[in-house]
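Quantities reported herein were computed from a predicted structural model and do not represent experimental measurements. Every chain is numbered from 1 and lettered A, B, ... according to where its sequence line falls, protein lines coming before strand lines.
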Protein chains: 2
Amino acid sequence: MSVSTGRPVTLQDVADAAGVSLATASRAINGSARRVKEPLRQQVLEAAERLGYQPNLQAQAVARGRASMIGLLLHDIADPYFAEIAAGVSQEAERHGLLVTLASTQRSYEREIAHLAGLRAQRAQGVILAGSRLDDAGLNARLASEIELFRRSGGRVTLVSQDVLEADTVRLENREGGLALARALVDLGYRRFAFLAAPQELLTSTERLEGFHEGLETAGAGALVASAVAEFTRDGGFEAMTEILAGGEHVDCVVAANDVMAVGAMSAMRARGVRPAEDLAVAGFDDIATLRDLSPALTTVRFPLVEVGRRAMAMLLDEVETARVHRVPGEVVVRESTPPKD
Amino acid sequence: MSVSTGRPVTLQDVADAAGVSLATASRAINGSARRVKEPLRQQVLEAAERLGYQPNLQAQAVARGRASMIGLLLHDIADPYFAEIAAGVSQEAERHGLLVTLASTQRSYEREIAHLAGLRAQRAQGVILAGSRLDDAGLNARLASEIELFRRSGGRVTLVSQDVLEADTVRLENREGGLALARALVDLGYRRFAFLAAPQELLTSTERLEGFHEGLETAGAGALVASAVAEFTRDGGFEAMTEILAGGEHVDCVVAANDVMAVGAMSAMRARGVRPAEDLAVAGFDDIATLRDLSPALTTVRFPLVEVGRRAMAMLLDEVETARVHRVPGEVVVRESTPPKD
DNA sequence: CTGAAAGCGCTAACAC
DNA sequence: GTGTTAGCGCTTTCAG
């Protein structure tokens, strides 16, 4: 039962009620190195329960020099890719009694660095950086040094993306996924591909494209006859597809660097009277849950994003010295948007 | 330039470097009531800059008795409805230099209450509770008392849902939206409707259903000839639609209590060889951005969810005594999934 | 094993 | 205006 007084119940209140010292109460409630003997321990716990005591985490953080909070930095929480990762992180955090502080950087790498500095100031236990890394040495160096500061101040860092930085990483095997997708599409009979990519410095997109390219080569059939670059969003997909259609090059299959772009591409096709699947095959990457009911159902390279989030959180908590890389393979899922070509 | 020592830079370090007292440094950096005169102020600011000082927010929180953090409690961050709201909240929080602590309750109201208690313990500045309220007096009473405790401890609370509790509320006009949708569909020529609803105690769904019902009555035409109840999710929509189809009742338009259910319903239709729009019209609620590219495009009642999130955050920050209600109207958007019936 | 007391970094009276 | 100092709630030596 929680007491209805205005002033919050403090540990001192609990100690008084249990007739022990502050120190003992602290030890009983948060099992420190020193153990409290049974009779007392129960008394304290009961008093805490009775008074509805809730430890003040801020105060704990100041005293311990470390908060029981982890930061989650992602490009855009409204993008289902990140929302799914966030769900996984949140689930796992809940299991460990950790708070998750969310910051959506709106795809600004400057803001990402600034937030990381902020989280260091919070003495966050750790931070998860989700989202494609950039192929930009200057930016990566600054991020690396901020990460180093963060770590030196005692925090842990996990990336969900490419392992281009010295830190624990959950690495999506984008290249291998692209390669497998290319082979699957060639097997289905496609030969003339267009690729809708994000700007080259966005590694996630570039890896997927390179893998796809390589896949075509090893398959010994099929060629990339067109490509377009636009933002890594639905609107980018629409724009890139429009450009491809205007180009007039004959293609029989369009591959977008992610599902969200693929969806934009399908809309662009329809806007020009081109029917997805029937007139032109389409494929994407990620297998976003919210988009699994599209019609025609989208062929894609599935990455288990919720699990990726959980995994990132688990790595963060699992204290290890050396930077590790956990690889997450993608799985090609062939659906209606790429019917077998006879 | 940030110094690369292990120990974080404290305010005392800044004060020493600037040759002033701790208090003056504090005042200069966080402009308190007392002002610091110009020559000194600059010295302090420069010293802080030079040393790469970052205020320890935990310590500030302990000293001030209030954290610069707000909590966001929602049912499921992977659901695009909540992800969009979260995006709005996050944007607005960023503008005010506030951290957002996210908790995804997985639709457990128990967990919602528990998290609220936790946030009180954190001395969060405020909390936003997003997600349908329940028609359950017992639960609402417990939530109300927890809210009261939270408020008494100095925090603010804003709800995004129904104004069934004494607190600031951003209220989606679900009933009015349902009503308008019914009239629009009747105008298009539909007469035999099926409604896919969430369990009755979920107010968002129930309000939409009741409004829809009322709309049919005032339109003087059309009738609800079937309905099914399932979870307020994609799978729920699939299940409910399957039930309707099995029922054999003749319907010409299916209305789901939200877009996510509508998507599940469309899949269920296709699984039974029924073509959405052509064979059976479909409509939903929310106008989820990620689902705007469906084909056939989904007729829906649009609620500006990102704006709703921003608004909720704004209300939270805007100190006012009495509980206010900000009404957000829905807008019927007719698309391909409900073609005019001749 | 328990208690007393010294911090953790910062704010806010209270003096000068 | 600026400095001194007493907390904020908790953890953690250091004695006993």
Using a heavy-atom distance cut-off of less than 4.0 Å, which residues of residues 37-45 of chain B contact DNA chain D? B:K37, B:L40
Going by heavy atoms in the side chains, are A:I29 and A:L45 under 4.5 Å from each other? yes
May I ask you to verify if any side-chain N or O of A:S26 is less than 4.0 angstrom from the OP1 or OP2 atom of D:dC10? no
Here's a test of your reading of the structure: between A:L11 and B:V20, which maps to the more 5' nucleotide of DNA chain D? B:V20
Answer with base, sugar-phosphate or nothing: what part of the nucleic acid does B:R27 contact at a heavy-atom distance below 4.0 Å? base
For the student: nearest non-hydrogen atoms of B:A323 and B:E166, plus distance: CB-OE1, 3.9 Å
Check this for me: A:R324, atom CZ, are more than 12 non-hydrogen atoms of other residues, nucleotides or ligands nearer than 6.0 Å? yes
Atom CG of B:N56 to atom P of C:dG7: distance rounded to whole Å? 18 Å
Counting just side-chain N and O atoms, does B:T24 come under 4.0 Å of either OP1 or OP2 of D:dT2? no
Separation of D:dT12 atom P from A:I29 atom CD1, nearest Å, is 14 Å
For nucleotides 5-8 of chain D, give me every protein contact, N/O to N/O, under 3.5 Å, one pair per line with atom names.
unit_1 : atom_1 : unit_2 : atom_2 : d
D:dC8  : O2     : B:A63  : N      : 3.2

Is it true that atom CD of B:E201 has more than 12 heavy atoms of other residues, nucleotides or ligands lying nearer than 6.0 Å? yes
B:Q60 has an atom CD; how far is it from atom P of D:dC10, in whole Å? 19 Å
Could you check if a side-chain atom of B:V127 sits within less than 4.5 angstrom of a side-chain atom of B:T101, using non-hydrogen atoms only? no
Give the intermediate values and the outcome of side chain to side chain donor-acceptor pair (under 3.5 Å) for residues A:Q162 and A:T204. CA-CA 8 Å; A:Q162 288 74 33; A:T204 298; 3.1 Å; yes
Name the one of A:D16, A:L11, A:T10, A:V14 that satisfies side-chain contact (heavy atoms from CB on, under 4.5 Å) with A:L22? A:L11
Does B:R142 pair with B:E112 as a salt bridge, N-O distance under 4.0 Å? no
Measure the distance from CZ on B:R35 to P on C:dA12 and round it to the nearest whole Å. 15 Å
Going by side-chain contact (heavy atoms from CB on, under 4.5 Å), B:L129 matches just one of B:T105, B:I147, B:V160. Which one? B:I147
Would you tell me if any nitrogen or oxygen in the side chain of B:N30 comes within less than 4.0 Å of OP1 or OP2 on C:dC10? no
Note the angle between the end axes of the helix from C:dC1-D:dG16 to C:dC16-D:dG1, five pairs defining each, rounded to 10 degrees. 40°
Please determine, for the side chain of B:S21, which listed nucleotide (D:dC10, D:dT4, C:dT2) has the closest atom? D:dT4
Other residues, nucleotides, ligands: >12 heavy atoms within 6.0 Å of B:Q42 CD: yes
Rounded to the nearest angstrom, tell me the gap between atom CG in A:L57 and atom P in C:dG9. 18 Å
Close side-chain approach of B:D163 to B:R133, heavy-atom, < 4.5 Å: no
Nearest-Å distance for atom pair CD/P, residues B:Q58 and D:dC10: 14 Å
If you define the side chain from C-beta out and look only at heavy atoms, does anything of B:Q91 sit under 4.5 Å from B:V306? yes
